[in-house]
Amino acid sequence: MEKKEMIYEGKAKKVYSTDEDDKLVVEYKDDATAFDGQKKGQITDKGEMNAQISTIFFELLEEKGIPTHFIEKLNETDILVKKLDIILVEVVMRNIAAGSLAERIGLEEGTALPQPVLEFYYKDDELGDPMINRYHIYAEELATAEELDEISELAFEINDILVEFLAEKNIDLVDFKLEFGVGTDGKIYLGDEISPDTCRFWDSESGKKLDKDRFRRDLGEVEGAYQEIIKRLTE
Ligand code: ADP
Ligand code: UDP
């Protein structure tokens with residue numbers, strides 16, 4: 001497998017073509033951003049840590065029958081994936097109120113939700129990823145009703161798998177963001193990453209934040225939080 005030219009550089013990852021048309025290499029970077037890119041920084045060894053953490057989650061999900069883009073981890077920062085046509089709808093799943101949900105509907109951060117909440121956001125940096133509903137998605141032709149049903153069903157299944165797995169590690173899965181795409185075979189796959197950059201992880205006992213909120217909110221011990229997640233996932 002040959003890693004060829006970089007075809008996209010995002011905020012947290014670089015994407016490369018390969019000598020096979022249907023495969024890409026995703027390289028995880030140490031760069032960290034928050035608040036629509038207004039806050040920028042670096043988290044030492046984040047690229048390596050997130051590649052490792054994402055691999056653990058993708059392997060778990062594959063084992064449980066979820067179709068993902070993951071093929072194999074190539075080295076410390078690089079993961080070989082199926083090339084997807086990314087659906088420009090970010091799916092956020094929530095189990096506990098935090099972040100924008102807590103603010104928007106006036107729930108105290110930490111309030112357990114009686115059932116998981118699924119939200120859609122338009123993946124558009126210039127617009128600041130606004131929250132959208134099904135009808136906006138149809139109006140913008142971002143996805144069909146069938147695709148939305150399929151990704152919603154997958155998102156709830158993924159939530160159940162991750163909540164159960166993380167509970168054994170004494171971690172509460174507060175919320176997380178997923179991206180889906182259509183593969184060259186026309187099927188829907190889970191893409192992108194699952195890491196402390198895209199999830200909120202709280203220690204089940206102390207409630208300590210073990211995710212990118214430590215960077216967003218200047219809480220300190222940022223690297224330590226990512227290391228703690230790796231420690232718990234690999235123990
Ligand atoms: P952003 O674009 O938000 O700055 P990243 O830095 O994470 O995000 O860049 C990675 C990009 O790669 C994202 O736009 C993501 O949608 C895209 N991507 C993730 N997985 C795949 C895949 N399997 N095929 C094609 N694109 C992908
Ligand atoms: N999230 C993400 N990328 C985004 C927006 C949100 O990975 O562009 C994740 C975020 O890490 C959190 C969840 O989605 O785990 C919910 O985020 P929220 O809507 O509360 O937004 P925030 O306040 O974090 O910007």
Side-chain angles (χ1 to χ4, degrees), residues 9-14 28-54 56-57 77 90-114 116-132 155 158-159 162-163 165-167 169-179 192-234:
E9 174 158 14
K11 298 185 290 293
K13 302 188 288 300
K14 293 180 187 173
Y28 286 68
K29 307 195 294 180
D30 290 351
D31 297 345
T33 63
F35 312 117
D36 294 326
Q38 287 172 51
K39 181 179 169 119
K40 290 194 175 78
Q42 292 244 320
I43 300 174
T44 309
D45 295 333
K46 179 168 79 73
E48 276 183 39
M49 294 193 282
N50 278 359
Q52 190 182 350
I53 295 167
S54 272
I56 293 169
F57 287 128
T77 55
E90 297 188 345
V91 180
V92 168
M93 289 290 313
R94 303 176 181 274
N95 300 298
I96 298 172
S100 71
L101 177 74
E103 250 175 59
R104 202 178 58 254
I105 66 172
L107 279 176
E108 196 185 334
E109 194 163 78
T111 308
L113 301 166
V117 170
L118 176 148
E119 297 170 346
F120 298 124
Y121 291 84
Y122 184 13
K123 184 174 158 58
D124 184 313
D125 279 342
E126 275 180 27
L127 295 175
D129 294 348
M131 190 176 182
I132 51 177
I158 292 165
N159 186 49
L162 296 183
V163 165
F165 175 76
L166 287 163
K169 320 281 179 192
N170 254 318
I171 298 167
D172 287 345
L173 179 59
V174 174
D175 55 31
F176 58 103
K177 184 265 301 177
L178 299 173
E179 292 183 25
D192 208 47
E193 67 177 283
I194 306 177
S195 74
D197 274 19
T198 61
C199 304
R200 285 195 169 93
F201 298 129
W202 291 357
D203 178 88
S204 303
E205 265 134 50
S206 66
K208 183 173 177 182
K209 297 186 198 320
L210 299 171
D211 56 61
K212 203 171 87 173
D213 270 347
R214 302 205 73 82
F215 168 80
R216 288 192 192 95
R217 303 181 186 185
D218 295 318
L219 300 175
E221 292 176 75
V222 184
E223 286 84 1
Y226 285 64
Q227 283 158 3
E228 179 65 24
I229 292 296
I230 291 184
K231 185 170 156 244
R232 295 201 196 178
L233 297 187
T234 55

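Remember, predicted model here, so these are calculated numbers, not experimental data.
Atom-to-atom distance recorded for Gln42:CD and Thr33:OG1 is 11.5 Å, nearest 0.5 angstrom. One finds the CG atom of Leu127 at 10.0 Å from the CG atom of Asp36 (value rounded to the nearest 0.5 Å). Asp129 CG to Glu90 CD: the interatomic distance, rounded to the nearest 0.5 Å, is 4.5 Å. Taking CD1 of Ile96 as the start and CG of Asp175 as the end, the distance is 8.5 Å to the nearest 0.5 Å. To the nearest 0.5 Å, atoms CG (Leu101) and CZ (Arg94) are separated by 4.5 Å. Distance CD/Glu193 to OG1/Thr198: 5.0 Å, rounded to 0.5 Å.
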### Message
I'd like to know whether Leu107 forms a side-chain contact (heavy atoms from CB on, under 4.5 Å) with Leu113, so could you lay out the CA-CA distance, the side-chain angles of the two residues, the decisive distance to 0.1 Å, and finally the verdict.
### Response
CA-CA 10 Å; Leu107 279 176; Leu113 301 166; 3.9 Å; yes
Test log, rule salt bridge (charged side-chain N to carboxylate O under 4.0 Å, His left out), inputs Arg232 and Asp203 = CA-CA 11 Å; Arg232 295 201 196 178; Asp203 178 88; 2.7 Å; yes
Q.
Run the side-chain contact (heavy atoms from CB on, under 4.5 Å) test on Phe165 and Leu173 for me, step by step, so that the C-alpha distance in whole Å, both residues' side-chain angles and the decisive distance to 0.1 Å come before the verdict.
A. CA-CA 10 Å; Phe165 175 76; Leu173 179 59; over 6 Å; no
- Task: Go through the steps to decide whether Val92 and Met131 satisfy the test side-chain contact (heavy atoms from CB on, under 4.5 Å), and finish with yes or no.
- Result: CA-CA 10 Å; Val92 168; Met131 190 176 182; over 6 Å; no
Take Leu166 and Asp172 through the test side-chain contact (heavy atoms from CB on, under 4.5 Å) and record every step on the way to the result.
-> CA-CA 7 Å; Leu166 287 163; Asp172 287 345; over 6 Å; no
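A salt bridge is defined here as a Lys NZ or Arg NE, NH1 or NH2 lying under 4.0 Å from an Asp or Glu carboxylate O, and Lys208 with Glu228 fails to meet this definition. A salt bridge links Glu119 and Arg104; the closest N-O separation between the charged side-chain nitrogens and carboxylate oxygens is under 4.0 Å. Between Asp218 and Lys39 there is a salt bridge, since a side-chain N of the basic residue sits under 4.0 Å from a carboxylate O of the acidic one. Using a 4.0 Å cut-off between charged side-chain N and carboxylate O, Arg217 and Glu109 make a salt bridge.
For the residue pair Ala32 and Phe215, the shortest heavy atom distance occurs at O-CZ, 3.6 Å. In terms of heavy atoms, Cys199 sits closest to Asp211 at O-CB, 3.3 Å. Between Ala98 and Trp202, the closest heavy-atom pair is CB-CZ2, 4.2 Å. Annotation for Lys29 and Lys13: closest pair CE-N, 3.8 Å, computed over non-hydrogen atoms.
Side-chain contact of Asn95 with Asn159: a donor-acceptor pair under 3.5 Å is present, judged by distance alone. For the residue pair Ser195 / Tyr28, no side-chain donor-acceptor distance below 3.5 Å is found, with atom types taken as modelled.
Panel note: side chain Lys169, backbone Thr234; no donor-acceptor pair is recorded below 3.5 Å. Although no hydrogens or angles enter the test, the distance criterion places no donor-acceptor pair under 3.5 Å between the side chain of Thr77 and the main chain of Glu48. Panel note: side chain Arg200, backbone Asp213; no donor-acceptor pair is recorded below 3.5 Å.
The one candidate from Thr44, Asp45, Asp197 that meets the side-chain hydrogen bond (donor to acceptor under 3.5 Å, both in side chains) condition with Tyr226 is Asp197.
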